[in-house]
Amino acid sequence: MARYAYVNGRYVDHREARVHIEDRGYQLADGVYEVVGVRDGRLIDEAPHLDRLDRSLKELRIGWPVARSTLSFVIRELMRRNRLRDGLVYMQVTRGVARRDHAFPTTAVKPALVLTTKNTKRLDLDPGAGIAIKSHPDIRWERCDIKTVALLPNVLAKQAARESGAYEAWLVDGEGRVTEGASTNAWIVTPEGELITRQTDSGILAGITRQTLKKLAGNLQLKFVERAFTLAEAKRAREAFITSATSFVTPVVRIDGDSVGDGKPGPAARRLREEYIRFAAAGELVT
Ligand code: PDD
């Protein structure tokens, strides 16, 4: 079956999809993106993802490449063409194509829009064995709230994690506090039974999965607190887990080689994963 990508108004064979060499995303990482999860042909949390895209674009003064309703249509059309059941929709907007100059183009340039889809394994209710984390210094800039394609520090941290046998990196600031994962938000459950994730400010990306889970966590007998936690606190935690559009809720069982809790996925992470998957099942059916 042919796989399609969407590039600036056209659905093209994924293998033939191209952007211009002077696209500012390619040369300057001058662009933003979104990843929307798909489960059983249903888009998860489309509206909040498009709200965040709107915010990222505004922060960088990049215009919408098409109307929001058009983007929603394109997302669905690409899902249909690619028969996407489980996986993700990736969308990227860059400032457009212009003669290379760090400053914004002075002539009118149309923002460039690219969409792809990716099939991934359908995540089970059962999280399996859980994942290992490796800590890494957070060397990113001070606007991590903007979902830009400038991801080199995240790439290097993730690679260091993978080379050490861990699945994800947790980024640690100068005070020893975990900000977030390389491509996920970070959570712990303290020995006192508090559910903790860092407050949203310019230090982290305000995850959509995080936002939804905040609402779902109300069903659990845990006190929810938004604050920073240190790496040392995470290692002493009863449970830890990560959230993102693609990993949903995935338990963390090791941090830098130390077991978290009893080294197995904990009850809160299991329950929240189930709640999240149940929430995803209530979304709009597309394919
Ligand atoms: N990553 N923090 C960072 C740095 C991220 O890149 C992501 C998402 C998250 C979680 O956000 P959300 O719940 O909205 O997916 C947190 C996506 C999945 C990616 O880059 O592929």
Side-chain angles (χ1 to χ4, degrees), residues 25 29 31-39 43-56 59 75 84 86-93 114-121 123 131 133-162 167-173 177-188 197-217 226 228-229 240-250 252 269 272-273 275-277 279-280 283:
V32 301
Y33 75 105
E34 275 299 326
V35 175
V36 185
V38 173
R39 182 172 179 86
L43 276 167
I44 307 173
D45 266 337
E46 180 196 11
H49 279 283
L50 295 191
D51 289 345
R52 187 172 64 187
L53 177 64
D54 182 55
R55 180 180 184 280
S56 296
E59 290 296 326
I75 290 169
L84 183 65
D86 290 281
L88 62 94
V89 179
Y90 176 85
M91 56 198 95
Q92 176 178 311
V93 182
V114 168
L115 278 86
T116 57
T117 67
K118 187 160 123 189
N119 278 294
T120 56
K121 196 176 147 284
L123 296 187
I131 60 160
I133 294 286
K134 169 133 172 58
S135 63
H136 195 276
D138 191 344
I139 58 166
R140 300 175 301 162
W141 72 331
E142 292 179 5
R143 291 305 308 274
C144 297
D145 55 312
I146 305 173
K147 199 163 172 60
T148 88
V149 295
L151 289 171
L152 205 42
N154 309 57
V155 167
L156 296 178
K158 184 83 91 177
Q159 182 59 21
R162 296 286 164 84
Y167 179 77
E168 173 63 307
W170 273 7
L171 307 177
V172 180
D173 71 13
R177 295 175 303 219
V178 175
T179 50
E180 61 182 329
S183 62
T184 57
N185 286 119
W187 301 66
I188 58 169
T197 194
R198 191 187 184 285
Q199 73 280 4
T200 52
D201 53 25
S202 56
I204 67 167
L205 182 75
I208 304 303
T209 320
R210 176 191 178 285
Q211 184 181 305
T212 294
L213 216 65
K214 224 168 108 171
K215 295 176 196 149
L216 299 175
E226 282 181 283
F229 58 85
F241 60 91
I242 59 169
T243 58
S244 75
T246 47
S247 65
F248 299 174
V249 178
T250 297
V252 169
L272 284 167
R273 182 180 173 96
E275 296 273 345
Y276 186 77
I277 290 176
F279 163 82

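When a ligand or atom number is given, it counts from 1 through the structure's own listing order.
Heavy-atom proximity to Arg52, at under 4.0 Å, picks out these atoms of ligand 1: 11 (O), 14 (O). Proximity to His49 (heavy-atom distance under 4.0 Å) selects the following atoms of ligand 1: 14 (O).
Each of Gln92, Lys147, Arg52 was checked for a side-chain hydrogen bond (donor to acceptor under 3.5 Å, both in side chains) with Glu34, and the lone residue meeting it is Arg52. Under the side chain to side chain contact (heavy atoms under 4.5 Å, CB included) rule, Val249 has a single partner from Leu213, Ile277, Leu216, Ile242, which is Leu213.
Arg143 is linked by a salt bridge (Lys or Arg N to Asp or Glu O under 4.0 Å) to Glu59, Asp145, counting only residues two or more places apart in sequence or in another chain. In this structure Tyr167 satisfies the ring-ring contact (aromatic ring centres under 6.0 Å, His included) test with no other residue, sequence neighbours excluded.
A distance-only check finds no donor-acceptor pair linking the side chain of Glu275 to the backbone of Ala217 [under 3.5 Å]. No donor-acceptor pair closer than 3.5 Å links the side chain of Gln211 to the backbone N or O of Ala206. Listed for the Thr197 side chain is a donor-acceptor partner under 3.5 Å among the backbone atoms of Ala186.
In terms of protein heavy-atom proximity, atom 3 (C) of ligand 1 is nearest to Glu180 OE1, 3.5 Å. In terms of protein heavy atoms, atom 11 (O) of ligand 1 is closest to Gly207 CA, 3.4 Å. Nearest to atom 15 (O) of ligand 1 among the protein's heavy atoms is Ala245 N, 2.8 Å. Regarding atom 20 (O) of ligand 1, its nearest protein heavy-atom neighbour is Tyr33 OH, 2.7 Å. The protein heavy-atom contact nearest to atom 10 (C) of ligand 1 is Asn185 OD1, 3.7 Å. From the protein, the heavy atom lying nearest to atom 7 (C) of ligand 1 is Ser183 O, 3.3 Å. In terms of protein heavy-atom proximity, atom 13 (O) of ligand 1 is nearest to Thr209 OG1, 2.6 Å. In this structure, the protein non-hydrogen atom closest to atom 21 (O) of ligand 1 is Val35 CG2, 3.6 Å.
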Carefully, step by step, assess Arg198 and Arg177 under the rule side-chain contact (heavy atoms from CB on, under 4.5 Å).
CA-CA 9 Å; Arg198 191 187 184 285; Arg177 295 175 303 219; 6.0 Å; no
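Distances shorter than 4.0 angstrom do not occur between any heavy atom of Glu34 and any atom of ligand 1.
With a 4.0 Å cut-off on non-hydrogen atoms, Ile208 touches ligand 1 through its backbone as well as its side chain. Only the backbone of Ala182 comes within contact range of ligand 1, with a heavy atom under 4.0 Å; no side-chain atom does. Looking at Leu151 against ligand 1, nothing comes within 4.0 Å, counting heavy atoms.
Not a single N or O atom of Thr243, backbone or side chain, sits closer than 3.5 Å to an N or O atom of ligand 1.
Closest non-hydrogen pair, Thr246 versus Leu123, comes out as O-CD1, 3.5 Å.
A salt bridge is absent between Glu180 and Arg210; no separation between the charged side-chain nitrogens and carboxylate oxygens falls under 4.0 Å.
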